[in-house]
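The next block holds one structure in the form of structure tokens; read it before the comments.
Values below: all heavy atoms of this structure, side chains included; hydrogens, waters and symmetry mates excluded. It should be emphasised that the depicted structure is a prediction, and the values quoted were computed from it without experimental measurement.
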Amino acid sequence: MNKRSGKGLIRGAFLRLMANNIFIFVATCACGVVDNLFVGRRLGQGSLAAMGFFSPIMTAAGLSYVPIMGAQVLAGNYIGEGKTERVNKLFVSVFFALFAAFTLFSTLCVLFRAPLANILGARGDVAVLLCDYITGYAPGIIPQTLAALLMALCSYNNDLKRSYYGIAAMIFGNALGDMLLVGPLGLLGIGIASSISSAASFMVLLPGFLKKNKLFYFDLSCGFNSGIALNAVLRGLPSLTFTIGVIFKNYCFNYAMNEYAGAPGVAVAGIMSAACALFGAIPTGCANAFSSLAGLYYGEQDRESYLDLARTALKTGVAAATLCAVAVALFSGPLTVLFLPGDVALHPLCGRMFSLAFSFLLPNVIYNIFAQSSIAQGKMTFINIMSFAEVASVGLFALLAMRWLGTDAAWIANAAVDVLCIFVLTIPAAARKKTLRLSLPAMLNLDDDFGADEEDVLERSIAAMDEVVKASSDVAEFCRERKYPPRTAYYVALSVEE
């Protein structure tokens with residue numbers, strides 16, 4: 001297989017996975033954007049503020065991505081290492097762990113919604129509205145979480161179309177529910193619509209995981225394996241520390257905006273949070289696609305493909321992030337009117353937010369790819385610390401800098417902190433290499449001895465049926481030269497022919 005065709009395969013696989021991951025995150029975030037649109041246009045500032053106060057709990061529901069991301073990394077490792085028998089145990093164990101954990105979480109949110117609203121900072125009529133929203137939204141956290149797991153694994157089952165159908169069911173179901181329920185039920189109806197759409201998405205996705213010919217399918221004979229589930233959680237720990245940091249950030253944001261600009265500031269911050277989650281699907285989808293393939297190449301000890309993948313991810317992610325940030329800034333006026341058609345007094349504040357806030361996309365995609373490289377290699381300690389520090393620092397920056405920069409501090413906080421985090425990642429790399437002239441492998445935290453020796457690697461690309469026999473013979477001879485048992489050489493060669 002020549003280098004050009006190899007790079008083409010890597011680029012194609014990466015782009016497919018990146019597109020799928022972006023769709024997954026758009027699906028889970030688009031409903032929030034749709035809700036903000038309906039609330040801003042139909043219910044007004046008070047209801048927008050109530051949803052803004054709820055953002056830390058929405059983020060806490062995102063803890064589901066701890067085992068989900070860990071499962072993606074582990075699945076790549078298992079496949080790369082040839083341990084396919086563990087793949088389905090991983091799926092079943094993570095599924096039931098998520099179901100149990102978020103059933104409890106949802107129940108507690110509903111039962112203790114009044115004290116929860118108070119803890120989140122809502123008062124008076126806004127607190128009443130927030131309780132209504134929690135009542136409608138919290139039950140849907142369970143199917144929302146399970147749907148996110150199934151969407152993340154559809155690509156492994158070669159069933160990307162099903163993930164798109166699940167996304168469509170979630171988005172259009174939510175929009176239709178908002179349209180029908182916002183009038184008679186207000187913010188309660190918005191929450192119920194989100195729950196119904198999440199359930200619909202889960203029911204669309206589930207049949208794709210009931211077929212035995214798929215890599216991931218419901219095989220209850222696997223049972224629940226606590227060790228594998230825990231391993232997935234450990235691999236996803238950066239997502240846990242990240243999510244805890246986001247909860248802290250959102251709380252600081254809401255406190256600072258409430259103190260500095262009152263309920264209108266919290267309302268605009270809520271719009272920013274929903275939009276950041278939506279457009280943030282670009283760096284997140286890029287980094288997750290990189291992580292899935294990086295785990296595979298790392299398991300195979302394929303250094304060249306690992307580096308080609310990183311270059312592809314950086315180029316694609318930077319281009320997409322830059323295009324998105326520029327587009328949002330250019331269309332800040334129309335976006336403001338779209339979200340707040342009636343609250344003209346909030347237009348300057350909201351327009352300024354759209355102009356500045358999304359500059360974070362570019363440094364964020366670079367930072368996330370470097371961070372995911374360490375995760376794919378199982379080098380977790382430093383990244384766990386950074387995952388929390390990154391987002392927590394955003395909240396602290398906004399809280400401390402707002403007295404000098406006003407609300408602009410909130411809009412530029414993400415970008416400023418991500419640039420700082422990239423610089424911080426260079427410190428251990430520079431210390432390890434004893435130089436400030438850092439290469440891509442150093443920033444990816446790759447060991448110098450990572451990769452199989454060239455003489456122990458055989459690559460072949462088959463473009464036509466008449467090339468199969470020659471490739472099979474080459475594989476058999478390769479195995480014999482390295483003293484593998486004849487039986488092993490025979491079956492490896494046979495697998496190529498099959």
To the nearest 0.5 angstrom, please state how far the CD1 atom of Ile167 sits from the CE atom of Met151. 5.0 Å
Pairwise distance CD1(Ile141) to CG(Leu98) - rounded to 0.5 angstrom: 13.0 Å
Can you tell me if Ser197 uses its side chain to pair, donor with acceptor, with the backbone of Ile171 under 3.5 Å? no
Nearest heavy-atom approach of Pro143 to Ser195 is CG-O, 4.4 Å
Just by modelled atom types, is the Asn288 backbone N or O under 3.5 Å from a matching donor or acceptor in the Ser292 side chain? yes
Would the distance check show the side chain of Ser332 and the main-chain N or O of Ser355 forming a donor-acceptor pair, the cut-off being under 3.5 Å? no
Just verifying a value: how many Å separate Asp308 CG and Ile10 CD1, rounded to the nearest 0.5 Å? 4.5 Å
Steps toward side chain to side chain contact (heavy atoms under 4.5 Å, CB included) verdict (Lys249, Asn414): CA-CA 10 Å; Lys249 180 200 80 170; Asn414 281 300; 4.2 Å; yes
State, yes or no, whether a side-chain contact exists between Leu230 and Ser226 at a heavy-atom distance under 4.5 Å. no
Can you tell me if Tyr65 uses its side chain to pair, donor with acceptor, with the backbone of Ala148 under 3.5 Å? no
Using 30° and 60° as the class limits, which term best fits the ring planes of Phe354 and Phe358: parallel, tilted or perpendicular? parallel
So does Ala287 get a backbone contact from the side chain of Ser291, meaning a donor-acceptor N/O pair under 3.5 Å? no
Quick check on Arg480: does its CZ atom have over 12 non-hydrogen neighbours (other residues, nucleotides or ligands) under 6.0 Å away? yes
Would you find a donor on one side and an acceptor on the other, under 3.5 Å apart, between the side chain of Asp302 and the backbone of Tyr297? no
Does a side chain donor of either Asn364 or Asn368 reach within less than 3.5 Å of an acceptor in the other side chain? yes
Does some side-chain heavy atom of Leu314 sit less than 4.5 Å from a side-chain heavy atom of Phe290? no
Given Phe209 and Phe95, is the ring-ring contact (aromatic ring centres under 6.0 Å, His included) satisfied, shown in steps? CA-CA 11 Å; Phe209 293 82; Phe95 182 92; 8.9 Å; no
Check: Thr322 side chain, Val318 main-chain N or O, donor-acceptor pair, under 3.5 Å: yes
Between Tyr217 and Val92, what is the shortest heavy-atom contact and its length? O-CG2, 4.2 Å
Return the CD1 to CG distance between Ile366 and Leu361, rounded to the nearest 0.5 Å. 11.5 Å
Do other residues, nucleotides or ligands put more than 12 heavy atoms under 6.0 Å from the OH atom of Tyr165? no
Is there a side-chain contact between Ile282 and Leu323 in this structure, where contact means two heavy atoms from C-beta onward sitting under 4.5 Å apart? no
Student check: side-chain heavy atoms of Leu307 and Pro441 closer than 4.5 Å: yes
Start with the C-alpha distance between Phe370 and Leu444, add both sets of side-chain angles, then the distance that settles side chain to side chain contact (heavy atoms under 4.5 Å, CB included), and finish with yes or no. CA-CA 5 Å; Phe370 290 153; Leu444 293 170; 3.9 Å; yes
If you take all heavy atoms of Leu153 and Phe91, which pair is closest and at what distance? CD1-CD1, 3.5 Å
Taking the six-membered ring for Trp, is the centroid-to-centroid distance between Phe224 and Phe96 below 6.0 Å? no
Taking the ring of Tyr137 and the ring of Phe54, is the distance between their centroids below 6.0 Å? yes
Could you walk me through whether Phe202 and Ser198 pass the side chain to side chain contact (heavy atoms under 4.5 Å, CB included) check? CA-CA 6 Å; Phe202 174 71; Ser198 295; over 6 Å; no
Is there a side-chain contact between Asn174 and Asp178 in this structure, where contact means two heavy atoms from C-beta onward sitting under 4.5 Å apart? yes
Is any side-chain heavy atom of Tyr367 closer than 4.5 Å to a side-chain heavy atom of Leu420? no
Do Tyr306 and Ser373 make a side-chain contact, defined as non-hydrogen atoms from C-beta onward lying under 4.5 Å apart? yes
At what distance, to the nearest 0.5 angstrom, does SG of Cys286 lie from CD1 of Ile22? 7.5 Å
In terms of heavy-atom contacts, Ala71 and Leu90 come closest through O-CD2, 3.5 Å
As a quick check of understanding, evaluate side chain to side chain contact (heavy atoms under 4.5 Å, CB included) for Leu17 and Phe14, giving each step before the final call. CA-CA 5 Å; Leu17 268 179; Phe14 172 78; 5.8 Å; no
Measuring from atom CG of Leu335 to atom CG of Leu330, what distance do you get when rounded to the nearest 0.5 angstrom? 10.5 Å
Shortest non-hydrogen contact from Gly208 toward Lys214: O-CG, 3.8 Å
Backbone of Thr284 reached by a side-chain donor or acceptor of Asn21 within 3.5 Å: no
Of all the heavy-atom pairs spanning Ala152 and Gln72, show the shortest one and how long it is. O-NE2, 3.5 Å
